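Data first, discussion second: the structure below is written as structure tokens.
As the structure is a prediction and not an experimental result, all values here were calculated from the model.
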Amino acid sequence: MAIRDILTVPDPRLKEVSRPVEGGVSDDIRALMDDMLETMYAAPGIGLAAIQVGEPLRVIVMDLSGEGEPRAPRYFVNPEILETIEETAPYEEGCLSVPDVFDEIDRPARCKIRYLDYDGNLVEEWAEGLYAVCIQHEMDHLEGTLFIDYLSRLKRQRAVDKVRKAQRQKGREQAA
Ligand code: ZN
């Protein structure tokens with residue numbers, strides 16, 4: 001397993017549409033998911049899409065366990081949203097590709113999803129609460145959409161500027 005670099009805005013790769021994994025869940029895909037999970041835990045974050053480590057594949061990892069609880073990794077290959085309910089719920093979202101920016105986003109409160117798990121089994125289930133928020137946020141990444149894309153232009157630009165500035169600062173510290 002290895003920790004990968006996480007892309008941050010305005011990296012154009014984050015706008016790419018990811019392609020489906022062909023031929024089921026191979027050892028290569030499992031190795032990618034292992035790397036993604038380790039990268040996500042190190043960040044730390046609760047969800048990560050493959051494009052965030054530069055791989056344009058429809059692969060997501062997630063762990064929604066609380067602090068002090070045992071780890072509960074979840075893996076999603078080729079996930080699809082089959083159904084959503086009309087009712088929405090707000091949640092203050094953040095993203096490892098937009099570090100230190102948080103804003104409230106409304107999304108459907110429940111969604112039915114279908115995906116292949118780590119072992120290649122087809123799973124169909126309803127997601128609600130934080131699970132529903134996180135899977136919809138991560139699936140947006142597969143379409144090249146970031147949560148800041150739902151904000152006003154001004155707020156979005158401010159978010160990107162903030163990340164850029166922080167990255168420049170980090171670069172200077174590393175060079176010094
Ligand atoms: Zn994200």
Side-chain angles (χ1 to χ4, degrees), residues 2-18 32-33 35-69 71-76 79 81 84 87-111 113 115 127-176:
I3 293 178
R4 312 260 198 122
D5 286 333
I6 297 176
L7 308 182
T8 54
V9 285
D11 192 306
R13 286 172 288 179
L14 291 168
K15 295 266 138 206
E16 269 180 49
V17 176
S18 295
L32 169 65
M33 292 196 285
D35 280 0
M36 286 168 61
L37 196 73
E38 197 181 357
T39 303
M40 184 192 83
Y41 283 139
I46 60 171
L48 193 71
I51 191 62
Q52 293 179 275
V53 294
E55 302 279 355
L57 288 168
R58 302 185 85 82
V59 173
I60 289 166
V61 297
M62 192 184 295
D63 188 333
L64 304 175
S65 60
E67 257 188 75
E69 286 175 10
R71 283 181 171 180
R74 304 176 194 223
Y75 307 88
F76 306 84
I81 292 181
T84 54
E87 183 200 340
T88 61
Y91 190 83
E92 180 149 277
E93 296 188 22
C95 180
L96 294 175
S97 294
V98 196
D100 299 318
V101 173
F102 301 90
D103 219 311
E104 198 168 89
I105 307 292
D106 281 305
R107 297 185 188 270
R110 277 160 59 78
C111 59
I113 54 172
Y115 60 93
E128 61 181 12
L130 182 57
Y131 184 21
V133 172
C134 197
I135 194 67
Q136 290 177 79
H137 173 117
E138 298 309 329
M139 285 184 65
D140 272 353
H141 278 296
L142 309 185
E143 304 304 325
T145 300
L146 298 166
F147 83 98
I148 55 171
D149 293 334
Y150 296 110
L151 305 177
S152 68
R153 243 177 91 121
L154 182 68
K155 273 189 162 180
R156 185 162 63 244
Q157 194 52 51
R158 274 201 199 126
V160 173
D161 288 346
K162 184 177 175 182
V163 173
R164 264 200 175 125
K165 201 173 151 192
Q167 296 293 102
R168 272 203 307 270
Q169 189 83 28
K170 213 161 89 185
R172 270 204 301 273
E173 276 163 18
Q174 274 161 3

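- Looking at heavy atoms from C-beta onward, Pro73 lies out of side-chain contact with Met40 at the 4.5 angstrom threshold.
- Across all their heavy atoms, Asp63 and Ala72 have their closest contact at OD2-N, 2.9 Å.
- Residues in residues 166-176 take part in no salt bridge (charged side-chain N to carboxylate O under 4.0 Å, His left out) pair, two or more places apart or across chains.
- Distance check, rounded to the nearest 0.5 Å: SG of Cys134 to CG of Leu64 gives 5.5 Å.
- In terms of the salt bridge (charged side-chain N to carboxylate O under 4.0 Å, His left out) criterion, Arg158 has no residue partners (sequence neighbours excluded).
- Scanning all heavy atoms of the two residues, the minimum distance from Leu96 to Pro44 falls at CD2-O, 3.8 Å.
- Between Pro10 and Arg164 the shortest heavy-atom distance is CG-NH2, 3.5 Å.
- Remark: the backbone N or O of Ser18 is paired with a side-chain donor or acceptor of Arg58 at under 3.5 angstrom.
- When all heavy atoms of Gly45 and Ala43 are compared, the closest pair comes out as N-CB, 4.0 Å.
- Ile60 is not listed as a side-chain neighbour of Tyr115, based on a closest heavy-atom distance of 4.5 Å or more.
- In this structure Glu87 satisfies the side-chain contact (heavy atoms from CB on, under 4.5 Å) test together with Ile85, Ala109, sequence neighbours excluded.
- Atom NE2 of His141 is separated from atom SG of Cys95 by 3.5 Å, given to the nearest 0.5 angstrom.
- Scanning both residues, Leu57 and Leu142, for their nearest heavy atoms gives O-CD2, 3.9 Å.
- Remark: Lys15 engages Asp149 in a salt bridge (charged side-chain N to carboxylate O under 4.0 Å, His left out) (not counting sequence neighbours).
- For the pair Pro56 and Gly54, the tightest heavy-atom approach, listed with the atom from each and the gap, is CD-O, 3.5 Å.
- For Ile3, the side-chain contact (heavy atoms from CB on, under 4.5 Å) partners are Glu38, Thr39, Ala42, not counting sequence neighbours.
- Contacts classified as salt bridge (charged side-chain N to carboxylate O under 4.0 Å, His left out) and involving residues 96-111 (residues at least two apart or in different chains) are given here: Glu93-Arg107, Asp103-Lys155, Arg107-Asp140, Arg110-Glu128.
- The ring pair (Phe, Tyr, Trp, His ring centres under 6.0 Å) pairs that include a residue from residues 143-175 are His137-Phe147, where partners are two or more places apart or lie in different chains.
- To the nearest 0.5 Å, the span separating CD on Glu138 from CE on Met62 amounts to 5.5 Å.
- Every residue meeting the salt bridge (charged side-chain N to carboxylate O under 4.0 Å, His left out) condition with Asp11, not counting sequence neighbours, appears here in chain and number order: Arg13.
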* **side chain to side chain contact (heavy atoms under 4.5 Å, CB included) between Val17 and Glu143, intermediate numbers included** => CA-CA 4 Å; Val17 176; Glu143 304 304 325; 3.9 Å; yes
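- With hydrogens and angles ignored, the 3.5 Å screen pairs a side-chain donor or acceptor of Gln136 with a backbone N or O of Pro108.
- Residues passing the side-chain contact (heavy atoms from CB on, under 4.5 Å) test with Ile148, sequence neighbours excluded: Val9, Val98, Val101, Leu146, Leu151, Arg156, Ala159, Val160.
- A search for ring-ring contact (aromatic ring centres under 6.0 Å, His included) contacts involving Tyr75 returns Tyr118, not counting sequence neighbours.
- Remark: Arg4 pairs with Asp35, Glu55 by the salt bridge (charged side-chain N to carboxylate O under 4.0 Å, His left out) rule, at least two apart or across chains.
- Annotation: side-chain contact (heavy atoms from CB on, under 4.5 Å) contacts of Ala127 (sequence neighbours excluded): Cys111, Tyr131, Ala132, Ile135.
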